[in-house]
**Student:** 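A single structure is presented below for examination.
Lettering follows sequence order; numbering is per chain, from 1.
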Amino acid sequence: MDYNFSDIERKWQAAWEEAGTYKVSNESDKPHFYVLDMFPYPSGAGLHVGHPLGYIASDIYSRYKRLNGFNVLHPMGFDSYGLPAEQYAIQTGQHPEKTTMENIERYIQQLRKIGFCYDWDREIKTCDPSFYQWTQWAFVQMFHSYYDTALQKAQPISKLIAKWEANDPKWNTLSEEEKQARLMNYRIAYLADTKVNWCPELGCVLANDEVSEGLSVRGGYPVEQRVMRQWCLRVSAYAGRLLDGLNKIDWTDSLKETQRNWIGRSEGAEMQFAIKGQDEPFTIFTTRADTIYGVTFMVLAPESEYVARVVTEEQKEEVEAYLQMVKNRTERERIADRKVTGVFTGSYAINPLTNAEIPIYISDYVLSGYGTGAIMAVPAHDSRDYAFAKHFNLPIVPLIEGADVSEASFDAKEGIMMNSGILNGLEVQDAIAKMKEYITNTGIGRVKVNYRLRDAVFSRQRYWGEPFPIYYKNGMPYTLPEECLPLLLPEVTDFKPTATGEPPLGNAEQWAWDEANKCVVSKSLIDSEHIFPLELCTMPGFAGSSAYYLRYMDNHNNQALVDPKVNQYWKQVDLYLGGSEHATGHLIYSRFWNKFLYDLGYICEDEPFRKLINQGMIQGRSNFVYRLVGSQNTYISHGLINTPEYEGKVQPIHVNVNIVSNDVLDIEAFKAWMPEYKDAEFVLENGKYICGWAVEKMSKSMFNVVNPDDVVAKYGADTLRLYEMFLGPLEMSKPWDTNGIDGVHRFLRKWWNMFESLSNDEPTAEELRSLHKLIKKITWDIENFSFNTSIPAFMIAQSELQALKCNKVTILKTFAILLAPYAPHIAEEAYQLCQLRIMNEELRNDESKIQNSKLESVNDALWPICNEAYLVESTQKYPVQFNGKVRFTIEVAKDTPREEVEKIVMSHELTAKQLNGAAPKKVIVVPGRIVNIVM
RNA sequence: GCGGCAUUGGCGGAAUUGGUAGACGCGCUAGACUUAGGAUCUAGUUCUUAACGGAGUGAAGGUUCGAUUCCUUUAUGCCGCACCA
């Protein structure tokens, strides 16, 4: 009986689809469970073997939960709006809609072959109007909401207006435009002139998490700082809750830590410093209130609004020049070139405790976006202030006993205070507390918590994204009525981005809003009385991916994002799988988005993802051939390149890993691979050409991309699934190495052969023991996401049962259920064979039975429960150790209590001889079947 | 600089509660079958030693009858944040 995996897999994939096996209902008496994969960007390159790693793991878990009687929601969709999809379209010169749809189709084809238990009826695409209608809808809600800091939650902005109408006499005197301008400071989605990361190459602005070291994460293009009028989301209002929420979700420590880091909570104090000769003081933020006696100068950020107030006539020219210099430097230059720069403003501040006059400087090492954009500088205890003080020759006053500040500052928050008036003699931590209390009581300042988390810039000067449901009347934005959503993305003649920042939607002919008739009309009709211009920017990639998990619950609903009853049933994602690269982007934004919808009562859970697992990245494993330097086309096998004859004379060249098997080069395939290798000659070892290898990023240029389709064609989906899990722990990064896939495939073949001739006999005790050991192990593995250790367990059980010549239907049928989450196709086929065998028996007894019955799918089976009784052995061997060495072995009945074992050891004649008659202090019996004698 | 994770044979990795380190797979070695093998089966495979033994989980200490596992120091690698006052 051959294991014909391609027939089996094709047959069952078709059968499951026809039977609707994986359709999920929103109404069920079963307990619910929601397993979600981070949905992919459908890139043009298609899936490589790294992509399905997490999908396979979540599929195994979903199938396991399903077999345990849960109603499991396990959907898949496509994040199809945004930069990557559009960049691909531009590179290939096609319309993004066309390429996106083609790419999605290709992804679906590839995914279907692997046999996932997705409910494809729930598929979503973020670029589909029926989906982005709800992205736009959420934006409208954010526009009409503000964050109530007293209640710590979002509220309809109408409440704020009502409050002002009642309590703020000034409000009622404002014009419509003034009112709108004031409201803009409170809306969760707001329009503002902000400093943004502008990427000329991509022709659009980027969020902070899309920029790394002054380069765009996607494409690696330079990014500069620009002030632009942009839509923003008030994510920073949620900083405290985003931080606290981490404590009640089951995520890995490293991911929580990354988010804590990104949110950047910092407890300190705001203090007011008077400016000499002026009435109004200015405010600084510090975490080291205790160091106030060591302040020798003040520093303002170049963009600080205080700058204009403190610059004196004499210094004006110099300051102007400095500000101009700072403005012209890109973010990248500033990071690369960290030399100390700055300029004196001419003004002095007054130290509120010592009344000392201290000079005020401007320097770009102080950031305008954090705190108040102004600091008090304490060079003795802050390394940045120290560098500045050295450069400008400013005094350095040490405040901690024994701190040597002649070479470097003493930044540690420890030691005893000195030179510090009322703080002298205190420990630093106590001094901080005392100073906070002092400044609060005297009104010099107040305790303040600052967050590093910034608001998210939400506009993109791009075509391929959700249009904003916004039109402009007298320069102020207004939302489209909710019933007019979705606002469809218009056709344009040219969708390419521009380096100057003019959005491509400016090219759209039909792009104006008729307010009275509530419809989109030609922009030539704009009269600013009835017909108004629509917003030209589109939303960023993270817009569509922030609440997509809610839409899967109820994706056909055109009345609401999700029906409250349905949301009440599924609640939240129980298990979320994806890469850790989304830690500071998607996973912050979707938590924010979710909390916002929660505040407004649209959904029932405060946190979207209860448990989150990061699967590791699959790296590429490249292969090399070694060309003899100087020769045209001679290649040396890897084992010979370090021999005296060839050492230092070879040059490694990447070779396509798909023509290499177990590091052995397929020579004919190599010659046919590229014309230049047609006449290649080889120096072999043992008749083979062995390739070298290295772990690198999986990419086309390294010729190390492996397509899952090829693996499925060669070995079958079940082998691919098992092997991806077998590679190593789910959460670790590891290279894709095809050496070894044969071993896993062999296991399936051997397992399959056990079903050749089945018997209905009663299983033996030994067979049951093997099986129940396996049940226990597999159950533990899946519950603990230790999928890689299951495959060896399957192999061991298989070989044990084979050694026992086991062909019992009862055993093998249960084995099939255990294997079903990992290798569903072969398990289903084997399960059917078992049922047929049972039926044949029944048929012999009662022919009417078989006609009325239908074969049950392995998907509807019940997960077996381990019966510990089967695991018990009649006797157990205890190696007895003394001084760490095994001296002898005793054999006792299984389940003998420890004390009994101890007694037996104590009375054992060998013990006495071994111990020269001396009495042992104690005998330790441990579960590992070891007895240890302690003298 | 701060924070997180890792380090075990030729390779990927196992050891789940501190209890026989190296499961399982690959590779390799030998044998069987075979016209043939990139097929299948059997046995062996941490290092060292002729053997008895001895050593051994990045390194150095510690706790323990007993440490891959816990603690301290340290080295290396990967990841995240980084002029955040």
Side-chain angles (χ1 to χ4, degrees), chain A residues 212-213 252-266 268 284-288 291 299 301 334-335 338 340 363-367 369-378 381-385 387-388 411 450-454 580-581 583-584 614 616-617 621 661-664 666 688 693 722-723 726-729 731-735 737-747 749-750 776-777 780-781 783-784 786 788-796 799 877-879 881-886 889 920-935:
Chain A
S212 178
E213 313 225 331
T252 59
D253 289 341
S254 76
L255 190 57
K256 286 190 193 177
E257 207 47 45
T258 302
Q259 289 215 342
R260 287 194 188 106
N261 223 322
W262 189 259
I263 296 167
R265 183 180 199 271
S266 156
I284 59 97
F285 176 76
T286 180
T287 54
R288 293 294 300 272
T291 58
V299 189
R334 202 176 69 82
I335 292 166
R338 269 195 201 173
V340 177
S363 174
D364 65 355
Y365 84 86
V366 173
L367 306 176
Y370 185 78
T372 61
I375 61 154
M376 62 180 211
V378 186
H381 302 291
D382 182 288
S383 49
R384 296 152 302 184
D385 298 344
F388 195 86
D411 291 12
N450 253 324
Y451 295 97
R452 208 174 63 86
L453 187 69
R454 309 288 161 83
S580 56
E581 67 273 19
T584 54
N614 291 126
M617 252 197 314
R621 186 180 188 277
S661 180
N662 285 0
D663 291 337
V664 177
D666 180 334
K688 294 175 189 169
W693 61 275
L722 277 179
Y723 188 60
F726 182 64
L727 273 176
E731 303 184 65
M732 250 177 354
S733 285
K734 57 236 162 195
D737 178 358
T738 321
N739 303 345
I741 193 165
D742 293 291
V744 171
H745 188 64
R746 252 195 299 273
F747 154 71
R749 226 164 38 209
K750 285 193 244 174
K776 193 177 181 182
K777 169 75 176 146
W780 192 93
D781 280 350
E783 298 272 3
N784 293 282
S786 175
N788 57 320
T789 56
S790 283
I791 287 89
F794 283 131
M795 290 174 174
I796 292 167
S799 72
K877 287 175 180 174
Y878 282 86
Q881 293 196 11
F882 171 56
N883 283 354
K885 289 172 196 169
V886 177
T889 305
K921 270 187 197 154
K922 59 176 171 179
V923 175
I924 300 161
V925 180
V926 289
R929 286 178 236 154
I930 294 172
V931 178
N932 218 300
I933 300 169
V934 182
M935 295 303 291

**Student:** According to the Watson-Crick and G-U wobble definition with distances under 3.5 Å, which dot-bracket string, read 5' to 3', encodes RNA chain B, using [ ] for crossing pairs and | for pairs with another strand?
**Tutor:** (((((((..(((......[....)))((((((.......))))))(((....)))..(((((..]....))))))))))))....

**Student:** Which listed nucleotide (B:rG3, B:rG38, B:rC24) is nearest to the side chain of A:P792?
**Tutor:**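 The closest nucleotide is B:rC24.
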
**Student:** Among B:rC26, B:rU16, B:rC83, which nucleotide sits nearest the side chain of A:W780?
**Tutor:**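 The answer is B:rU16.
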
**Student:** When the C1' atoms of B:rA21 and B:rA55 are considered, how many whole Å apart are they?
**Tutor:**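 Looking at atom C1' only, B:rA21 and B:rA55 are 14 Å apart.
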
**Student:** NA contact type, A:R288, heavy-atom cut-off 4.0 Å: base, sugar-phosphate, or nothing?
**Tutor:**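 Answer is sugar-phosphate: A:R288 comes under 4.0 Å of backbone atoms only.
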
**Student:** By the 4.0 Å heavy-atom rule, please label A:I796 as base, sugar-phosphate, or nothing.
**Tutor:**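 The residue A:I796 makes sugar-phosphate contact but no base contact.
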
**Student:** Taking any heavy-atom pair under 4.0 Å as a contact, classify A:R749: base, sugar-phosphate, or nothing.
**Tutor:**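 Sugar-phosphate, backbone atoms only, no base.
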
**Student:** Could you say whether A:F285 or A:G743 is positioned toward the 5' end of RNA chain B, judged by the nucleotide with the nearest heavy atom to each?
**Tutor:**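 Mapping each residue to its closest nucleotide by heavy atoms, the 5'-most match is A:G743.
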
**Student:** Hey, which sits more toward the 5' end of RNA chain B by its nearest nucleotide, A:S580 or A:G264?
**Tutor:**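 Nearest-nucleotide comparison on RNA chain B picks A:S580.
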
**Student:** Considering only atom C1', compute the distance from B:rG61 to B:rG53 and round it to an integer number of Å.
**Tutor:**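 Straight-line distance between the two C1' atoms is 28 Å.
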
**Student:** Return the polar atom pairs (N/O with N/O) between nucleotides 12-14 of chain B and the protein under 3.5 Å, or none.
**Tutor:**
from	atom 1	to	atom 2	distance (Å)
B:rG12	O2'	A:L727	O	2.8
B:rA14	OP1	A:N788	ND2	3.0

**Student:** Starting the side chain at C-beta, find the nucleotide from B:rU16, B:rA85, B:rG25 nearest to A:T287.
**Tutor:**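 Nearest listed nucleotide: B:rA85.
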
